[in-house]
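Shown next, in structure tokens, is the structure this report addresses.
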Amino acid sequence: MSRFSFHCLATDGAARRGRLTTPHGEVATPAFMPVGTQATVKAMYADQVRDLGSDVVLGNVYHLMLRPGAERVARLGGLHTFMQWPHTILTDSGGFQVMSLAKLRRMSEQGVEFQSHLDGARYMLSPERSVEIQNLLGSDIQMQLDECVALPADEPEVERAMQLSLRWAERSRAAFHDYGGFDAGRGLFGIVQGGDVARLRVESARTLSAMDFEGYSIGGLAVGEPQAVMLEMLEITNPELPETKPRYLMGVGTPDDIVESVARGVDMFDCVMPTRAGRHGLAFTRYGKVNFRNARHAEDPRPLDAESDCPAARDYSRAYLHHLVRTKETLGAMLITWNNLAYYQSLMRTLRAAIEAGTYADTVAGLKADWARGDIAPYQA
RNA sequence: GGAGGGGUGCCCGAGUGGCUAAAGGGGACGGGCUGUAAACCCGUUGGCUAUGCCUACGUUGGUUCGAAUCCAACCCCCUCCA
């Protein structure tokens with residue numbers, strides 16, 4: 001079993017090509033990590049997710065503590081065994097639910113009291129309990145409990161949440177040792193907060209850096225602010241983080257967000273975009289987005305992308321995908337999710353190769369030109 | 001032949017005198033989705049020479065200041081009885 005480690009293999013400007021090692025394998029960075037909140041990447045087999053080139057998937061403390069319960073997962077052999085994913089797992093601490101379930105929680109210095117969205121039962125999630133749960137699950141890359149604030153927000157509110165997150169970072173760090181995460185060779189990431197306020201971002205990043213985490217997450221972005229603001233925050237934050245540690249931009253994003261963030265030194269991403277949008281009939285391709293609900297696909301016999309390696313894109317007609325989406329058939333969600341994750345992972349391969357080759361800027365320019373060109377011409381029968 | 005029930009916008013369906021171009025579904029058309037309370041959510045959906053007018057609740061006629069709503073006749077559909 002290997003311990004958590006990170007090595008930078010190449011750089012191109014601020015962009016970094018790296019390799020992250022965890023007890024469950026290696027992760028090529030920049031990496032996109034599919035979201036598997038409830039111990040499944042929705043509409044996908046674990047083997048498929050792996051075959052597309054995913055080195056990591058996410059799980060979520062909040063959802064898994066409610067069902068099936070962290071202790072139960074531990075009794076069943078841990079999350080890797082439970083969900084048939086023998087590779088690296090990253091877990092979110094529940095910090096995002098502080099924002100997304102704002103109406104169902106109460107904050108205190110001690111932690112967050114959630115009222116379950118399932119049955120109304122009350123659960124106390126402290127920084128210590130979150131780390132305990134992540135270790136019960138057997139997570140390789142763990143997140144401190146933090147408070148994620150939706151933007152726009154007033155500066156005092158952003159600062160309060162950021163300072164609280166720093167205090168929780170210290171408690172999480174201690175708990176990570178107490179619950180055996182460090183000894184097991186796992187990693188714990190501190191989470192930079194500070195909203196859209198440069199001063200707060202810098203203070204958060206510097207304070208966390210001094211705590212010597214295995215990696216650093218950048219949270220509280222893509223939560224309502226324009227992309228330009230997010231990118232500006234990255235430019236301010238990343239130079240304050242240790243060069244020797246991985247940087248994870250939480251919850252981001254669109255293909256464009258990803259290429260721009262990699263250019264600013266981000267190593268890891270996760271986002272529900274490819275999976276959720278896929279279930280909703282929206283495909284991501286090298287020539288932009290394709291909305292399969294639209295009537296124009298109804299009699300188009302062409303595949304989504306004849307040159308793709310993914311069967312979902314290569315072997316099925318657009319007319320069929322349109323039909324499956326229209327009829328809300330499960331297979332439609334499966335195929336488009338499959339295509340989307342295939343596209344995202346191929347994009348990440350492209351970015352990694354470009355950094356190695358030192359051609360990142362040109363490569364991204366080419367990608368953007370293709371996206372801007374849009375979908376292939378309308379079908380003429 | 002008799003008794004009862006019913007005909008509403010693309011479809012189903014609510015509405016039983018004015019607040020009704022007509023609830024709610026569905027369908028159709030489009031948009032959104034960023035550490036997943038999301039196989040979900042949100043718009044639009046009669047026409048026009050548009051702060052108004054026209055057409056429209058089976059058909060025709062009537063009552064009324066005003067009718068999808070009340071009355072009459074007729075045409076269809078359903079159930080039961082002969």
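Bear in mind that the values here come from a model prediction, so they are computed numbers and not experimental data. Numbers restart at 1 for each chain; the letters A, B, ... are given by sequence-line order, proteins then strands.
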Distance check needed: B:G35 C1' versus A:Arg247 CZ, whole Å only. 19 Å

I'd like to check the ring-ring contact (aromatic ring centres under 6.0 Å, His included) partners of A:Tyr344; sequence neighbours left out, ordered by chain and number. A:Phe32, A:Phe284

Ignoring hydrogens and geometry, is there a side-chain-to-backbone donor-acceptor pair from A:His322 to A:Phe292 under 3.5 Å? yes

Within residues 50-57 of chain A, which residues have any heavy atom lying less than 4.0 Å from an atom of RNA chain B? none

When the P atoms of B:A56 and B:G46 are compared, how many Å lie between them, rounded to an integer? 16 Å

Interatomic distance at P, B:C81 relative to B:C19, whole Å: 44 Å

Please measure how far the C1' atom in B:A21 lies from the corresponding atom in B:G9, and state the result in whole Å. 9 Å

Just how far, in rounded Å, is C1' of B:A37 from CG of A:Leu66? 10 Å

d(CZ, A:Phe269; P, B:U34) in whole Å: 17 Å

Please report the distance separating the C1' of B:U8 from the corresponding atom of B:U59, rounded so that it comes out in whole Å. 15 Å

Could you check whether any side-chain N or O of A:Ser139 sits under 3.5 Å from a backbone N or O of A:Ile141, counting only pairs where one atom can act as donor and the other as acceptor? yes

Can you tell me the distance, in whole Å, between the CG atom of A:Leu58 and the P atom of B:U34? 15 Å

Between A:Ala333 and A:Met250, the residue closer to the 5' end of RNA chain B by nearest nucleotide is A:Met250

Nucleic acid contacts - residues 83-113 of chain A versus RNA chain B, non-hydrogen atoms under 4.0 Å: A:Asp92, A:Phe96, A:Gln97, A:Ser100, A:Leu101, A:Lys103, A:Leu104

For A:Trp168, what residues pass the ring-ring contact (aromatic ring centres under 6.0 Å, His included) criterion, not counting sequence neighbours? none

Nucleotides 25-28 of chain B: which of its N/O atoms have a protein N/O under 3.5 Å away?
unit_1, atom_1, unit_2, atom_2, d
B:A28, OP1, A:Arg326, NH1, 3.3

Same-atom distance (P) from B:U20 to B:C76, integer angstrom: 36 Å

Does A:Arg293 make a side-chain donor-acceptor contact with the base of B:G31, cut-off 3.5 Å? yes

List every contact pair, protein side and nucleotides 42-44 of chain B side both N or O, where the distance is under 3.5 Å.
none

Nearest-Å distance once atom P is located in both B:A72 and B:A22: 30 Å

Strictly by Watson-Crick or wobble contacts shorter than 3.5 Å, is anything paired with B:C33, and which nucleotide is it? none

Side chains of A:His117 and A:Tyr62: donor-acceptor distance under 3.5 Å anywhere? yes

Distance, rounded to the nearest Å, where A:Asn60 contributes CG and B:G35 contributes P: 11 Å

Distance criterion of 3.5 Å, no angle test: do you see the side chain of A:Asn291 paired donor-to-acceptor with the base of B:G30? no

Atom OH of A:Tyr216 and atom C1' of B:G35 are separated, to the nearest Å, by 19 Å

Could you measure between the two C1' atoms, the one in B:A39 and the one in B:C54, and give it in whole Å? 44 Å

Taking atom P in both B:C75 and B:G25, compute the distance separating them and give it to the nearest angstrom. 39 Å

